[in-house]
Amino acid sequence: FARLGVKQAVIDGEIVVLDDKGISRFAALQDALSQGAGTTLVFYAFDLLYLDGWDLRGVRLDKRKDLLARLLSGHLSGRSAIQYSDHVEGDGMALFDRASELGLEGVISKRTDATYAGGRSTTWMKSKALRIENFVIAGYTASAAAGGIGALGLGEWVDGELFYRGKTGTGFDAAGMANLLRRLEPLRIPDRLEGMPKDMLPVRPTLTARIQYANRTTDNALRHAVFKGLREAELSTPVARKRKRLISDADLAGIWVTNPTRKLFGTSGPTKLDIAVYYAAVGDFMLPHLFNRPVSLFRCPTKSIADCFFQRHAFNGMPPTIKVFEIKNSDDENKSYISVEDAKGYLALAQFGVIEFHAWGTHERHLEKPDRVIFDLDPGEGMEWREIVSAAVHLRGHLEAMGLVPFVKTSGGKGLHIVVPIKPKLGWKQVHAATSRIATQLAATGRDTFVTVMGERNRKRRIFIDFHRNARSATAVAAYSLRARPHLPASTPLAWRDLESIDSPEDLNYSSLPALLTTTGDPWADINEAARDLPA
DNA sequence: GCCGCTA
DNA sequence: TAGCGGCAACGCTTC
DNA sequence: GAAGCG
Ligand SMILES: [Mn+2]
Ligand SMILES: [Mn+2]
C-alpha cells in the first residue's frame with residue numbers, strides 16, 4: 001500500500017488465499033491464519049470509499065471503481081499481494097453459469113449507479129453458485145407417463161440418522177431411468193422417512209446420487225435439485241476365472257442370527273442381518289486370505305457403538321469350528337488365540353456381533369515366520385485421497401525395484417494398505433526391522449510428504465507410513481473385512497489399474513461390494529504365488 | 001451376546 | 001424366571 | 001510410568 005501514489009485512502013476489499021487454480025478457498029484462509037506462515041495472502045480491492053480528503057461514498061459505483069483501478073494501475077502484477085477485483089457489466093446469467101462451472105463460490109451483483117452503503121442493501125446481492133453434492137436415494141415416485149420414475153426422493157445422513165431432503169424429477173434420460181428403476185425396485189422397504197410424500201415408494205438408502213441444487217429451504221429441503229448421476233465405484237473386469245467356492249449351499253442354508261433387524265448404529269442404517277449377508281457373499285474371496293491366521297475380532301454386539309471391543313482369545317459360546325491354540329506372549333505366558341478354518345465357523349461369527357476381522361501376517365503352522373508384510377499409509381489431516389494414491393504408487397515402484405510384488409487394498413477408512421507376500425523365512429524382529437528400513441528409505445524421498453514416527457503433530461498434511469503392523473502379535477484389518485463405522489465400508493483389495501479410478505473409498509462398502517466382486521473376482525487371487533524373499 | 005448370580 | 005452386571009486386547013512408541 | 005496409537 002505504501003507504494004501507491006496517495007496519502008490517505010479507504011479501500012474496501014477481502015483477504016483471500018488462492019488454490020493452484022487461482023480460486024479463493026475459505027478453508028485455505030483459515031489454515032493460513034491458524035498456521036501463521038507459509039502461504040500467500042492476497043488482498044482483493046473492490047471499492048474505494050475515501051481518497052486524499054474526498055469522501056467518495058456518495059459517488060456512483062462505476063466511477064468509484066474507475067478511480068480505484070487508476071489508483072492501483074502501474075503498481076500491480078499478477079503476483080502482487082494487492083489485486084484489483086475486476087467486474088463484468090451486463091450479462092449476469094452467463095457469468096453465474098460460468099462461475100458454477102468453475103467451482104467458484106458465487107457471484108456478487110451490484111448496481112453500477114448506486115452510491116456506497118454499508119451492510120445489506122437493495123443495490124447489491126450475492127448469488128451462491130449451484131453446487132453438486134452427494135445425497136442418498138431414499139425413495140421414488142412411480143410414473144407411467146414419465147417412463148417409470150417421476151422423481152427421486154433424496155435423503156441425507158446426519159449423525160447416523162437419515163433425513164428426507166426433497167425430491168428431484170429432472171436429470172435422467174430414458175436409459176438412465178430404466179437402469180435406476182431396475183436398481184431401485186428390489187430395494188423397496190415399507191417405512192417412509194418423516195416428511196416423505198404419501199405417493200413416494202421408500203427404498204433401502206444404499207444408492208448415492210450426485211445432485212446439483214441452488215440452495216435449501218428453511219427445513220433443509222433442496223431447491224432446484226437436478227440428478228447428475230449415481231455415485232459409485234467402477235472397477236475393471238478381468239479375464240474370466242472360475243470362482244472357487246469355499247462356501248457351500250449347505251453352509252448358506254445354515255446361516256442363522258437372532259435379532260436380524262437390529263440396527264447396528266442408531267435408528268437407521270445397516271442391520272445385523274446385513275453383516276451376515278455381506279460375509280456370506282464375499283466369503284469365497286475373503287477366506288483364502290483369512291484361513292488359519294491368528295485373528296482378532298472387533299465385536300459390536302450391543303446397540304451402542306461405544307461398547308464395541310476387540311477379542312483375540314477364545315470365548316464362551318464360540319462357534320465350535322473356530323480353532324483355538326496357544327501362543328506365548330512377550331512375558332512368555334501361554335495365551336489362547338483363535339483362527340478361522342472353515343466356512344461354517346466364519347459364517348457363525350455374525351451372531352456374535354463380529355464386524356471386523358484383524359489378522360496376523362502369518363499362519364498358525366509357522367507362527368514365528370511371517371508370510372505377509374504390510375505398509376499402512378495413514379493420511380494426516382488435510383491429505384487428499386489422490387495424494388494417498390500417488391504415495392501408494394510411489395511405494396509400489398520402490399518395492400518392485402527390490403524384487404517384491406506389492407498388492408493394494410483400501411483400509412476401509414481414509415488410507416491404503418500395501419501388502420507384500422514374502423517367503424516365511426525371517427523372524428518377526430528381522431521382518432519388522434526390514435520394513436522399518438523400507439519405510440525410512442521411502443520417507444527420505446519426500447520429507448514434506450512422509451513421516452515414519454507415530455505421535456508427533458507433524459503428521460498433519462503428511463502421510464504416516466505405519467510399518468508397526470509387522471511386529472509380532474500386531475494385526476492389520478483383513479482383506480474384505482468391514483469396518484465398524486456408520487455405512488460399513490470394506491477394506492477392499494484392488495487391481496493396481498483400478499486404484500486411480502476410485503475417488504472415494506467409502507463407495508466400497510457392505511452394500512456395493514458383493515455386486516462389484518461378482519464381476520471383478522478377487523484381484524489378490526494370485527498373491528500367494530507372488531511371495532519373494534524379503535531382504536533382511 | 002452370553003453367562004452366572006440374585007431377587 | 002426375569003433382570004442385572006461383568007466381561008470381551010495388546011505391545012510398542014512417545015511424552 | 002502414563003498416555004497415545006492402531
Ligand atoms: Mn491405517
Ligand atoms: Mn496405522
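Letters A, B, ... mirror the listed sequences (proteins, then strands); counts begin at 1. This structure is a prediction, so every number in the text was calculated from the model and none was measured.
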- prompt: Would you say A/Gln351 reaches B/dC2's phosphate, i.e. side-chain N/O to OP1/OP2 under 4.0 Å?
  reply: yes

task: For C/dA9, take OP1 and OP2 only and decide whether either is under 4.0 Å from a side-chain N or O of A/Arg299.
output: no

message: For the aromatic rings, using the six-membered ring if either is Trp, is the centroid distance between A/His417 and A/Phe375 under 6.0 Å?
response: no

Length of the [atom1]-[atom2] vector between [X] and [N], whole Å:
{"X": "A/Arg472", "N": "C/dG11", "atom1": "CZ", "atom2": "C1'", "result": "11 Å"}
{"X": "A/Phe315", "N": "B/dC3", "atom1": "CZ", "atom2": "P", "result": "11 Å"}
{"X": "A/Trp256", "N": "B/dG1", "atom1": "CH2", "atom2": "P", "result": "9 Å"}

Among side-chain atoms of [X] and [Y], is any donor-acceptor pair under 3.5 angstrom?
{"X": "A/Thr208", "Y": "A/Glu232", "value": "no"}
{"X": "A/Asn292", "Y": "A/Ser339", "value": "no"}
{"X": "A/Tyr346", "Y": "A/Asp251", "value": "no"}

From the set [options], return the single nucleotide nearest to any side-chain atom of [X].
{"X": "A/Phe352", "options": "C/dC10, B/dC2, C/dA8", "result": "B/dC2"}
{"X": "A/Asn259", "options": "C/dA8, B/dG1, C/dC10", "result": "B/dG1"}
{"X": "A/Phe309", "options": "B/dG1, C/dA8, B/dC3", "result": "C/dA8"}
{"X": "A/His468", "options": "C/dA8, B/dG1, C/dT13", "result": "C/dT13"}

field: Side-chain donor or acceptor of A/Glu387 paired with backbone N/O of A/Glu384 under 3.5 Å
entry: yes

- prompt: Are any side-chain N or O atoms of A/Ser512 and backbone N or O atoms of A/Leu516, one a donor and one an acceptor, separated by less than 3.5 Å?
  reply: no

field: A/Phe315 six-ring centre to A/Arg299 NZ/CZ under 6.0 Å and within 45° of normal
entry: yes

- prompt: Is A/Arg216 paired with A/Glu133 through a side-chain N to carboxylate O contact shorter than 4.0 Å?
  reply: yes

- request: Would you classify A/Val453 as touching base, sugar-phosphate or nothing, given that sugar-phosphate means primed atoms plus P, OP1 and OP2, and contacts are heavy atoms under 4.0 Å?
  value: sugar-phosphate

Proximity to DNA chain C (any heavy atom under 4.0 Å), residues of residues 324-334 of chain A only: A/Asn329, A/Ser330

Could you list, one pair per line, each protein nitrogen or oxygen that sits under 3.5 Å from a nitrogen or oxygen of nucleotides 3-6 of chain D, together with the distance?
| from | atom 1 | to | atom 2 | distance (Å) |
| --- | --- | --- | --- | --- |
| D/dG6 | OP1 | A/Arg459 | NH2 | 2.7 |

Distance between P atoms of B/dC3 and C/dA8 (Å, rounded): 15 Å

side-chain contact (heavy atoms from CB on, under 4.5 Å) partner of A/Tyr510, chosen from A/Ile275, A/Leu264, A/Asp274: A/Asp274

